Amino acid sequence: MESMNLIEASKILKDAGYCLENLPHISDVLDKYHCSKREAMALLEDMSHDAYSSQRIDEYAYDLEYLEK
């Protein structure tokens, strides 16, 4: 299988409905904090679980006054 570049991968994910505009990279953590790559990735994974929880989405939608279907 031929490898795809970042632009192609991003297009595939966006076409599938994923939001990539604020997707953090491990370097965002490593450049700012003293930690290992493993710790930085764990932090990003913990953060993403919290950020994309259904409760968090519900709260954000409520704050923006979106109505449920």
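Since we're looking at a predicted model, the values are computed, not measured. Residues: numbered from 1 along the sequence shown.
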Checklist entry - If two hydrophobic side chains count as joined below 4.5 Å and joins carry through other members, does Tyr18 share a cluster with Ile7? => result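 No, separate clusters.
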
Spatial distance of atom [atom1] ([X]) from atom [atom2] ([Y]) [nearest 0.5 Å]:
{"X": "Glu45", "Y": "Leu43", "atom1": "CD", "atom2": "CG", "value": "9.5 Å"}
{"X": "Leu6", "Y": "Leu13", "atom1": "CG", "atom2": "CG", "value": "9.5 Å"}
{"X": "Met41", "Y": "Leu30", "atom1": "CE", "atom2": "CG", "value": "8.5 Å"}

Item to check | Under the side-chain hydrogen bond (donor to acceptor under 3.5 Å, both in side chains) test, residues paired with Lys37 that sit two or more places apart | outcome: none

Next on the checklist: With salt bridge (Lys or Arg N to Asp or Glu O under 4.0 Å) as the rule and sequence neighbours excluded, what pairs involving residues 23-33 come up?
Outcome noted: none

Next on the checklist: Under the rule for salt bridge (Lys or Arg N to Asp or Glu O under 4.0 Å), what residues qualify as partners of Lys11, not counting sequence neighbours?
Outcome noted: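 Asp15.
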
Item to check | Leu20 atom CG, neighbour heavy-atom count above 12 within 6.0 Å | outcome: yes

Next on the checklist: Just so I know, are the side chains of His34 and Glu39 near enough to count as touching, which here means a heavy-atom distance under 4.5 Å?
Outcome noted: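 With C-beta onward as the side chain, the pair stays apart.
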
